[in-house]
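For reference, the structure discussed in these notes is given below.
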Amino acid sequence: MNSTTLSPSAQPPGLLRQLANLLSILLSSRTAVAGLAMVLFWLGIGLLSLVWTPHPPNAQAFDANLPPTSTNWMGTDHLGRDIWSRVMAGTQVVLLKTRLSTTPQVVVPGGVALWGVIGAVGVGGLLGVNAGYRGGRVDQTIMQLLDALIAFPVIVLYLVIVTALGSGDVVVVLAITITGAPGVARLVRGLALDIKTREYIRAAETRGESAGYIMLREIIPNARGPILVDAMLRVGYAIFAIGTLGFLGLGLPPPDPDWGSMVNDARKYIYANPIAILWPALAIATLVIGVNLFADGLREELTRYQQ
Amino acid sequence: MARFLVRNLVSMGTTMLLVSALLFLLLEVAGGDITVRLLGVFASPEQRDSLRRQLGLDAPAWQRYLDWLVGSDWRARPLSAYPLVTTSNPQSGEAEWWADVAGVLTRWRLVDGELTAIQRAADGTESTAPAKTVWQRAPDGSEIFWGVDTRNNLVQWERGSDLEVLVLSEAGVRSERGGPQHYIPLRKGIVRGDAGMSLQSNRPVSATIFSRAANSLILAGAAFLLVMPLALFCGVLAGVHEGKALDRLVSITGLGFTATPEFVIGIFLILIFGIWLRWLPATALFLTGDAILRDPKILVLPILTLMAAEFGYVARIARASMAEVMQTPYIRTAFLKGLPRQRVIFRHALRNALLAPVTVIMLQVNWLIGGVIVVEVLFGIPGLGSYIYDAAIFGDFNAVAAAAMLTVSIAVLTRLAGDLLYLYLNPRIRFA
């Protein structure tokens with residue numbers, strides 16, 4: 001079944017073929033297509049904002065709290081900044097860039113939500129595959145620890161982490177990693193328990209492969225489908241979480257625009273300029289719904305495909 | 001059944017213990033220097049050091065963990081010459097530590113190198129008198145005395161010492177002479193219901209947290225009781241009509257509500273009902289403790305927000321569960337027997353279909369708590385959620401830890417309740 005592990009010369013099905021396969025599965029689900037369209041819309045807006053926004057997003061160039069006009073399509077915020085430019089640029093911290101709090105500031109490609117999910121899948125995956133494959137004491141210890149983490153309401157855990165570690169992009173990435181890892185670990189553990197009974201695992205053990213090799217080269221690649229779908233859903237949760245943290249004033253640091261913080265700022269001026277709060281709120285809602293629809297559609301199609 | 005309960009309780013205990021250790025590790029070890037918060041950034045290292053010793057932060061981390069968890073009076077009692085007792089302050093009602101000197105409640109203060117006793121009479125009045133205390137001779141030749149000070153610490157004074165300490169009072173920091181050498185902050189530990197002093201308000205955490213939790217309970221309970229029947233009804237209805245327009249409507253609404261963050265829903269509701277239509281107040285003003293009972297209107301929007309956040313998930317689970325049950329052979333048999341549709345749905349399908357949602361609802365409590373935090377911050381409701389939020393913003397370790405422990409125990413207990421309910425509802429397990 002898994003030819004790569006037997007002879008290195010035998011190529012796995014071409015990457016392009018795999019992608020085309022995935023795409024055809026995707027396109028057969030209307031839900032997934034709708035979700036993908038929403039995600040691609042925001043991704044496009046984010047990429048565009050890297051090179052062009054109608055006005056500089058951090059410039060206080062206008063009167064404060066203006067309603068929508070022909071120059072400021074969504075009006076201006078409490079400091080006289082153009083809201084549409086800020087909504088556009090707000091995509092960056094979520095999807096496109098992570099700022100490390102070093103001096104001078106280093107910007108890493110890949111948004112806070114993506115790094116958070118990568119962290120959660122990495123840590124959770126390693127813990128889960130170890131728990132599932134090794135079993136016994138290791139399993140018990142890991143799962144008991146993760147149970148303790150799962151017992152926390154997620155936002156409470158965020159608050160505790162932020163209290164302990166302060167704020168910043170990296171802390172938010174860490175928070176998403178810590179809150180997401182237990183869920184991933186449970187999923188991967190279940191998959192590993194199933195996969196480790198297969199013949200090819202027996203074969204690898206007979207060949208005398210190390211436990212590390214079996215876990216990373218035999219089990220994880222064969223569990224990637226469900227892990228991928230789970231990761232997709234987690235990107236949605238992560239954007240949700242970043243928005244909530246920003247709203248609580250604990251999220252990504254200013255002055256770069258962040259949707260949650262924009263909602264929080266606009267909330268204080270809700271009587272002066274009620275429409276201003278609508279835009280970043282809509283942006284968060286549509287992006288999260290898009291990612292969710294995409295992941296849901298993908299999961300439905302994949303399970304139907306497997307049946 | 002008994003074995004199930006015991007196993008669950010043991011695992012719950014382990015989980016809570018781990019949670020407490022995790023919390024302590026995160027907050028105390030990884031957390032920043034609390035003296036910076038309390039004294040500001042311009043305080044001198046000596047001032048910081050003095051405050052750290054007063055807060056008992058010079059003790060090793062494991063000792064402070066044990067103090068926080070099960071109390072410090074265990075290790076304080078052998079040091080004290082007199083029995084230590086707690087009594088409530090006649091004005092504030094908060095618990096205070098006193099030494100019981102032959103039936104008289106006593107605390108001490110070192111004035112000009114000599115001890116003064118503060119005695120509380122039975123009617124609550126306090127009087128000072130020169131202390132008739134015997135100093136003990138320490139191995140190094142100095143004369144020492146362990147006694148309770150006025151700030152709920154067991155402290156070690158040295159005779160003739162003129163150590164300068166910085167006392168943090170409501171008016172600011174002031175320097176005091178005649179300070180103690182060692183401090184053991186007296187506390188009963190979180191297991192015995194004493195979560196220590198809030199660093200922010202300088203009052204016991206337990207004095208505020210429960211009244212705050214009561215407000216949250218009203219809010220969350222009302223939302224829960226209102227949304228559950230609605231969500232289950234809509235979910236079941238959608239499940240029965242799987243694939244039809246009604247199903248699509250419920251599914252899409254559910255997904256929309258689940259995927260939209262609570263604060264976004266809340267803000268839409270505020271915009272619509274609070275700002276444009278002006279039907280309902282946009283924020284909750286709590287002028288009195290029983291504001292909820294006097295003006296229930298302030299709770300309408302918060303409850304609606306929580307309901308929307310809860311609705312989607314439960315409705316989706318109920319729909320999936322009902323749709324699954326409707327496709328089982330026994331339902332087909334019932335239809336083929338010629339039973340009326342109503343009877344099949346209500347008598348045959350519903351009972352099995354509701355099993356899954358009931359357990360899921362209990363797991364939802366974790367999520368509900370998260371929603372409560374956001375909603376309380378958004379609408380300005382003084383509940384447990386806004387308490388933990390304020391404490392987290394300030395960096396008030398004791399308050400954050402206590403509130404987090406409270407939320408975790410609520411979550412763990414409801415999960416146990418969910419398991420038990422499932423056992424009770426599922427005859428396949430009940431009679432096994």
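From a predicted model like this one, the values you see are computed outputs, not experimental measurements. Heavy-atom basis, side chains included; hydrogens, waters and symmetry copies ignored. Note on naming: letters A, B, ... go to the chains in the order of the sequence lines (proteins, then strands), and numbering restarts at 1 for each one.
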Count the heavy atoms of every other residue, nucleotide or ligand shown that sit under 6.0 Å from CD of B:Glu242, and state whether that count exceeds 12.
-> yes
Between A:Arg189 and A:Asp139 (salt bridge meaning N to carboxylate O under 4.0 Å), is one present in this structure?
yes
Most heavy-atom pairs under 4.5 Å with chain B, out of A:Pro280, A:Gly260, A:Ala285, A:Pro274, belong to A:Pro274
Chain A shares the most heavy-atom pairs under 4.5 Å, among B:Thr407, B:Leu17, B:Val412, with B:Thr407
State plainly whether the residues A:Arg186 and A:Asp147 are in salt-bridge range, i.e. N to O under 4.0 Å.
yes
Bottom line for B:Ser20: the part with an atom under 4.5 Å from chain A's heavy atoms is neither
The interface call for B:Ala411 against chain A, heavy-atom contacts under 4.5 Å, is side chain
Among B:Leu368, B:Ile265, B:Ile267, the residue with the most heavy-atom pairs under 4.5 Å to chain A is B:Ile267
Checked B:Ser409, B:Ser11, B:Pro261 vs chain A; the most non-hydrogen pairs under 4.5 Å come from B:Pro261
If you tally heavy-atom pairs under 4.5 Å between each of A:Ile150, A:Leu149, A:Leu157 and chain B, the highest tally belongs to A:Ile150
- Side chains of A:Val184 and A:Arg234 in contact at under 4.5 Å (non-hydrogen atoms): yes
Exercise. For the pair B:Asp419 and B:Arg415, find out whether any cationic side-chain nitrogen is under 4.0 Å from an anionic carboxylate oxygen.
Key: no
In this structure, OH of A:Tyr237 is separated from CD1 of A:Ile242 (nearest 0.5 Å) by 15.0 Å
I'd like a table of donor-acceptor pairs (distance under 3.5 Å, sequence neighbours excluded) in which one partner is a side-chain atom from residues 387-402 of chain B, with atom names and distances.
| unit_1 | atom_1 | unit_2 | atom_2 | d |
| --- | --- | --- | --- | --- |
| B:Tyr389 | OH | A:Leu248 | O | 2.5 |
| B:Asp396 | OD1 | B:Leu199 | N | 3.1 |
| B:Asp396 | OD1 | B:Ala399 | N | 3.4 |
| B:Asp396 | OD2 | B:Ser198 | OG | 2.7 |
| B:Asp396 | OD2 | B:Leu199 | N | 3.3 |
| B:Asp396 | OD2 | B:Gln200 | N | 3.2 |
| B:Asn398 | ND2 | B:Met197 | O | 2.8 |

- prompt: So, A:Trp42 versus A:Trp259, ring centres under 6.0 angstrom or not?
  reply: yes
Ranked by heavy-atom pairs below 4.5 Å to chain B, first place among A:Ile270, A:Leu282, A:Ile284, A:Asn264 goes to A:Ile270
Chain A shares the most heavy-atom pairs under 4.5 Å, among B:Val374, B:Thr258, B:Val19, with B:Val19
With chain A, the option among B:Thr15, B:Ile369, B:Leu22, B:Leu255 that has the most non-hydrogen atom pairs under 4.5 Å is B:Thr15
Ranked by heavy-atom pairs below 4.5 Å to chain B, first place among A:Leu145, A:Val154, A:Val162, A:Asp296 goes to A:Asp296
